[in-house]
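In what follows, a single structure is set out as structure tokens and then discussed.
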Amino acid sequence: MTTPTLMLFNTMGRALAPFSSLEANKVGLYACGPTVYDYAHAGNLRTYLFVDLLKRVLVLNGYDVTHVMNITDVGHLVSDGDTGEDKMEKGARKQKKSAWAIAAYFEAAFFVDLQRLNMSLPSVTCRATDHIQEQISFIQSLEDKGFTYQTRDGLYFNTQKLPEYGQLARLDPQGLKAGIRVDIGDKHHHTDFALWKFSGKTPRQMEWPSPWGVGFPGWHIECSAMAEKYLGGQFDIHVGGEDHIPIHHTNEIAQCQAKNGHIQAQFWMHGYFLQLNREKIAKSGVSLRLDSLIDQGYEPLSYRYLILTSHYRSHLNFTWEALAGAQKALQRLRRKVSSWPEGGQVDPVYRSAFIGFINHDLNMPRALALVSDVIDSDLATADKKATLLMFDTVFGLDLGKAECSTIPQDIQALVDRRLQLKHQGDYPQADRLRDHIQQLGYQVNDHGVESSIVKL
Ligand code: AMP
Ligand code: ZN
């Protein structure tokens with residue numbers, strides 16, 4: 001049976017395109033990593049789950065994937081337009097710790113979240129602060145080719161020198177539309193961006209000498225320099241969140257095109273945002289951490305399940321009800337799988353349908369819906385199990401794990417009774433029942449109209 005072609009949406013051409021790698025059976029994948037001045041929020045984790053799913057799909061298609069991820073521990077300013085303070089220095093001041101200490105702390109916390117969500121680690125993780133020399137050399141090449149100019153506060157990339165600038169974001173070539181004014185400081189053009197910023201009068205914790213003066217690298221140069229170091233001047237796929245399209249990836253492309261004469265990656269892929277109350281989730285502002293979900297009685301993989309229910313190229317509005325639904329569905333699925341015998345065969349028809357969905361630009365919602373078809377099919381239960389465990393090599397939901405926290409029937413009956421009392425508006429009685437359930441060793445957590453139960 002032939003495997004359906006892997007089709008991926010390339011933001012560059014705004015279309016689905018058949019994927020084939022530059023080198024047979026090998027894929028170079030670069031994913032822009034976290035800025036480690038705070039905990040990752042659920043939105044950031046959605047983007048990394050997208051990267052993890054992409055990687056698993058590539059592996060299932062027989063590719064050997066070299067996955068490189070940077071850690072932005074310097075140079076990402078409060079505004080993506082090169083203004084404001086460095087997020088690391090600002091975070092350090094707020095938390096009364098050194099920038100180096102918070103970088104180490106939040107990087108470690110980020111990896112804990114990746115592991116809790118069953119994400120495999122990158123083949124290479126590289127910190128911006130460990131690659132200052134590579135960034136300086138990259139900037140020197142741009143300077144030698146005449147793409148830079150210096151101002152009072154740094155060295156800038158001259159976007160007017162690159163006619164192709166802004167292709168990814170389909171930016172208006174004239175730059176500003178008439179009538180719109182933005183403060184561009186000493187920059188010559190509003191799309192120009194910093195390659196190296198000078199420390200200036202404000203003392204900085206992270207700074208390095210350079211041919212242009214003491215300072216620190218701009219945010220975009222770190223990815224271009226490290227991607228080239230670990231994946232070469234041309235590789236297969238570059239990924240990030242949708243906010244990277246107009247500035248970060250646009251500027252990464254410009255630097256590499258100026259230096260090497262071609263676009264660095266074949267495919268540019270972007271994960272769409274997770275929202276809360278229809279607003280963008282951000283570290284500063286409306287935030288939501290994986291820890292908060294765990295504190296509310298959810299297991300991290302229920303969040304992974306929730307992410308699978310929507311396509312990576314659509315916005316997902318987070319609700320506790322949806323998460324409660326995801327947890328219930330996941331637990332039910334695990335109970336089913338663990339009740340079936342081992343030793344079955346993967347069904348070739350369902351396998352092929354599954355690959356058809358995931359190879360169609362990672363259509364996880366359709367692939368997840370296929371699970372119900374397998375359950376309802378007339379396959380032998382051992383074959384159903386083998387088939388779903390094969391699906392799980394991509395889903396990563398630990399479907400083979402026995403659901404050990406199965407709630408005894410008498411407890412479940414009390415929980416259902418309490419929910420009924422709540423619906424009837426008898427809150428005092430419902431609260432008393434909650435205390436009674438707790439005395440029996442189970443904690444009930446409410447999430448809107450749903451409840452979840454955790455064994456204490
Ligand atoms: P940062 O740590 O801010 O550099 O972001 C890390 C990754 O998370 C980047 O790829 C961002 O594009 C992505 N990201 C930021 N906010 C969200 C969100 N609300 N939903 C999904 N991805 C996001
Ligand atoms: Zn990047």
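All ligand and atom numbering here is 1-based and tracks the order in the structure. Remember, predicted model here, so these are calculated numbers, not experimental data.
Classified by interplanar angle (parallel below 30°, tilted 30° to 60°, perpendicular above 60°), the ring pair His238/Tyr30 is tilted. The aromatic rings of Tyr149 and His188 lie parallel to each other, with less than 30° between the two planes, well short of the 60° mark. The aromatic rings of Tyr48 and Phe110 lie perpendicular to each other, with more than 60° between the two planes, well past the 30° mark.
Every atom of ligand 1 is numbered from 1 in the order shown, and the set under 4.0 Å from a heavy atom of Gly241 is 10 (O), 12 (O). The contact set between ligand 1 and Thr47, taken as ligand atoms under 4.0 Å from a residue heavy atom, comprises 10 (O), 13 (C), 21 (C), 22 (N), 23 (C).
Aromatic ring centres of Phe318 and Trp320: separated by under 6.0 Å.
Taking atom 3 (O) of ligand 1 as the reference point, the nearest protein heavy-atom neighbour is Lys283 NZ, 3.9 Å. Scanning all protein heavy atoms for the shortest distance to atom 6 (C) of ligand 1 gives Tyr48 OH, 3.2 Å.
For His248, the N, O or S atom with the smallest separation from the Zn ion (ligand 2) is NE2. Glu252 contributes OE2 as its N, O or S atom closest to the Zn ion (ligand 2).
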- request: Would you check, one step at a time, whether the test side chain to side chain donor-acceptor pair (under 3.5 Å) holds for Tyr39 with Tyr105?
  value: CA-CA 9 Å; Tyr39 291 103; Tyr105 178 82; 2.5 Å; yes
- request: Just do the salt bridge (Lys or Arg N to Asp or Glu O under 4.0 Å) check on Glu242 and Arg313 with the steps written out, would you?
  value: CA-CA 9 Å; Glu242 57 171 320; Arg313 272 191 303 112; over 6 Å; no
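Among Ile245, Asn70, Leu274, Asp38, the residue whose heavy atom lies closest to atom 20 (N) of ligand 1 is Leu274. Summarising the contacts of atom 11 (C) of ligand 1 with Leu49, Leu288, Val51, Asp243, the nearest heavy atom is found in Asp243.
With hydrogens and angles left out, the side-chain atoms of Tyr230 and His131 include a donor and acceptor closer than 3.5 Å.
For the salt bridge (Lys or Arg N to Asp or Glu O under 4.0 Å) with Glu85, the lone residue among Lys90, Arg204, Lys94, Arg93 that qualifies is Arg93.
If you look at Thr35 next to ligand 1, the close heavy atoms, those under 4.0 Å, come from the backbone and the side chain alike. Here His41 has side-chain heavy atoms under 4.0 Å from ligand 1, and that is the only part of it that gets that close.
Listed for the Asp236 side chain is a donor-acceptor partner under 3.5 Å among the backbone atoms of Leu22.
The Zn ion (ligand 2) has an N, O or S atom of Cys223 inside 2.8 Å of it. Among the backbone and side-chain atoms of Cys32, an N, O or S atom lies under 2.8 Å from the Zn ion (ligand 2). Not one N/O/S atom of Glu222, from backbone or side chain, sits under 2.8 Å from the Zn ion (ligand 2).
No N or O atom of Cys32 sits closer than 3.5 Å to an N or O atom of ligand 1.
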